[in-house]
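Contents: one structure, followed by commentary.
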Number of protein chains: 2
Amino acid sequence: MSVASVSRALNGQGGVTAETLERIRVAAKHLHYVPDNAARSLITGRTHTIGALLPDLYGEFFSELIRGIDLAAHAQGLHLLVSSSHGGMEDAAAVVRTMRGRVDGMIILSQYVDADFLEQNLPIDLPAVLLDSPVDSARFPVIRIDNVAGAHAMVQHLLGHGHASVAFIAGPAGNFDAQQREKGYRQAMAEHKGPLNIVAGDFTEESGYRAGRELLAQAKRPRAVFAANDMMAVGCLYAFKEAGLTVPDDIALAGFDDILIARYVTPPLSTVGVSIADLGKSALLMLTGLMDGKGHVAGPHVRTLACEVVVRDSCGAHQTNVVTRHSPAFI
Amino acid sequence: MSVASVSRALNGQGGVTAETLERIRVAAKHLHYVPDNAARSLITGRTHTIGALLPDLYGEFFSELIRGIDLAAHAQGLHLLVSSSHGGMEDAAAVVRTMRGRVDGMIILSQYVDADFLEQNLPIDLPAVLLDSPVDSARFPVIRIDNVAGAHAMVQHLLGHGHASVAFIAGPAGNFDAQQREKGYRQAMAEHKGPLNIVAGDFTEESGYRAGRELLAQAKRPRAVFAANDMMAVGCLYAFKEAGLTVPDDIALAGFDDILIARYVTPPLSTVGVSIADLGKSALLMLTGLMDGKGHVAGPHVRTLACEVVVRDSCGAHQTNVVTRHSPAFI
DNA sequence: GGCGCCAACGTAAACGTTTTCATGAAACCT
DNA sequence: AGGTTTCATGAAAACGTTTACGTTGGCGCC
């Protein structure tokens, strides 16, 4: 038995008799032989692993994202190497560099990553797709959530139901999602010639609570509030409850993300939903397309994932031409 | 410049002049040189990666677990390769085998994994730690959540507050956590000479809802219900609400896990809390200890993580000698 | 000034695969 | 029957590192 025959047999490429194949197979099983992936990667240049660079692993968003990626990866026989970089750009750069020879492609979601960063740190031939990033490069496809349209639709929905004044709780300044959602709010308000009313927030529940109190302290209380994400909406909801207001009768409320909690607060929170798992899946599919196509991606380089307005009770409007999800789902 | 000098310089092992070190460093930066990890792994036998085998990636539990592992791994300069195996034992075996030469150690959480499985599929010299597993092997350390004590404490808490009859919503039969929690319930009830009242469930919200209806249909409605996990408790809560009962006045309710949602339902759910992230962290720390110690683990091979009773409103009891967490946390 | 020592550096082997190429035997065709 | 094709198999190169070992040259010491 030569190593060559063993290699051929175990990889099922033919070129071996059925008899020797069987002999090798029983020998391998008997010896608990498992090929060494490091050596295999070295010679083939493929690792069958894709890397995911994420800013953090906390919360439902990343959980779902990883799940979506993993599901799609598993289906294609690929492994998933996750890496969160909590530090700044330096940390992210270090992580990307250590991926060399360890992954066949990367999915990157990081506010520190721009085209320059990638040129500098990404091995020249490593395919990568960017998530929710503002960069617009011919080399790297980008998948974005259609935050602008989603926010726009929600504000329009609120305005369309008699809530003349809609306030907005903004997200952190550096966050791309937050910026886009604010843009959608601004556009919708401009179309209706409504006055802008924006208070600061940072995506945390506590900042939503503070923003809620700030809104209540305004001379003229807004009729509806749209928070840039659900956690802030929930914090805001507690501020309203604390002040003795009832939602949606006294003041309407809506969030963005459709996190699990949104179903379970009282009243159930109207929000803008995105299938995060689909986002992950799309990213992986685009990445594998890139890998197979040798750096040539078919179709547009920027793909946007549509959002949908999810109407529950907190916005005080039920209509039939939008998605309606009551909680719990099975009642 | 020979490759040897470059290797020495970049690994900082000395044996090179400060001048040549600098020369190599600028050349490396200029050429965007990054060492190939596959080749490095092949020769050194180390990958600086640890693998995590999980049954699924859905939900807060796994999200937190991964986060805990990742945080601890990142702190030690290790990468994390996650793999979920949705299929049965075959799938899990395949995953474990493909880890050969890809990871330095494994963290395994799977109901299909027993001592036999590991002997068969795990490369002989690969360190591994098991999570929440019934196996008791000298080779593999196990980290468990103290489900029995946690469930016991919660049932005792309910009984101690005048709820004479406590019913239990069980989890899926094959699940180790579910079994242990039921054991804790049985023990506590036996000590108080209370009658057992167990209905079936499978950890899903819907099964909790069905179990709730089943309990309400009983001739003598129980005074309190303890669900084996929070999602079932939430489903049960909806069944009670639907029937016009108020929790906790008409019937008390408690869950297990302290998932995020528990804070946000009305009334906030009393539950048994475990720091899942700590579980992941402990697992990783024990694994690295195993890796450094060349297969020799210091201390006991089985470690149990304590739970704590988290009293909110749904159990109708507030006392001061247990952890009390109101929602939201910052008010 | 010759000798030995030490530090810096280069050479080459090794890691465990895949893959190309050569070899030989068997089967096929004329 | 001889030549040609086909096919299973083995030998060996290659992948990009690390590391053991050998070589060089400079320096101090006798």
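Source: prediction; values computed, not measured. Numbered from 1 within each chain, the chains take letters A, B, ... in sequence-line order.
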Please list each protein N or O that sits under 3.5 Å from an N or O in nucleotides 12-15 of chain D, with the distance.
none

Original post:
How about A/Asp56 and A/Ser84: does a side-chain donor come under 3.5 Å of a side-chain acceptor?
Top reply: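 No, no side-chain donor-acceptor contact under 3.5 Å.
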**OP:** Using the salt bridge (Lys or Arg N to Asp or Glu O under 4.0 Å) rule, take B/Arg181 and B/Asp257 through it: C-alpha gap first, then chi angles, then the decisive distance, then the call.
**Re:** CA-CA 11 Å; B/Arg181 289 169 192 182; B/Asp257 280 346; 3.2 Å; yes
Whole-Å gap separating [atom2] ([N]) and [atom1] ([X]):
X       : N      : atom1 : atom2 : result
A/Asn11 : C/dG16 : CG    : P     : 17 Å
B/His48 : D/dT17 : NE2   : P     : 15 Å
B/Ile24 : C/dA8  : CD1   : C1'   : 11 Å
B/Leu10 : D/dT19 : CG    : C1'   : 16 Å
A/Leu21 : D/dC7  : CG    : C1'   : 15 Å

Have a look at [X] and say if it touches a base, only the backbone sugar-phosphate, or nothing, with a 4.0 Å heavy-atom cut-off.
X       : value
B/Asn37 : nothing
A/Ser41 : nothing
A/Glu19 : nothing

Subject >> Sub-4.5 Å side-chain heavy-atom contact between B/His79 and A/Ser83 >> reply: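 Yes, at least one pair of side-chain atoms sits under 4.5 Å.
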Subject >> B/Tyr58 atom OH: more than 12 heavy-atom contacts under 6.0 Å >> reply: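 For B/Tyr58, atom OH is not crowded (no more than 12 foreign heavy atoms under 6.0 Å).
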Original post:
Is atom CD of B/Glu90 surrounded by more than 12 heavy atoms (other residues, nucleotides or ligands) closer than 6.0 Å?
Top reply: no
From [options], nucleotide with atom closest to [X] side chain:
X       : options                : value
B/Arg8  : D/dC21, C/dT17, C/dC21 : D/dC21
B/Pro35 : C/dT17, D/dT9, D/dT17  : D/dT17
A/Val16 : D/dT9, C/dC9, C/dT17   : D/dT9

Subject >> Comparing A/Arg100 and A/Ser5 on DNA chain D - which has the more 5′ nearest nucleotide >> reply: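 Per heavy-atom nearest nucleotide, the more 5' residue is A/Ser5.
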Original post:
Just how far is it from atom CZ of B/Arg46 to atom CZ of B/Arg40, taken to the nearest 0.5 Å?
Top reply: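 Output value for this atom pair is 13.0 Å.
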**OP:** Check whether any side-chain N or O of B/Asp132 sits under 3.5 Å from a backbone N or O of B/Ile145 as a donor-acceptor pair, and report yes or no.
**Re:**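 Flag set: sc B/Asp132 to bb B/Ile145 pair under 3.5 Å.
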Original post:
Is there a side-chain polar atom (N or O) of A/Gln13 under 4.0 Å from OP1 or OP2 of C/dT18?
Top reply: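 Answer no for this pair, as no side-chain N or O of A/Gln13 is under 4.0 Å from OP1 or OP2.
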Original post:
Taking only N and O in the side chain of B/Ser7, is any of them less than 4.0 Å away from OP1 or OP2 of D/dT17?
Top reply: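 False: B/Ser7 side-chain N/O out of range (4.0 Å or more) of D/dT17 OP1/OP2.
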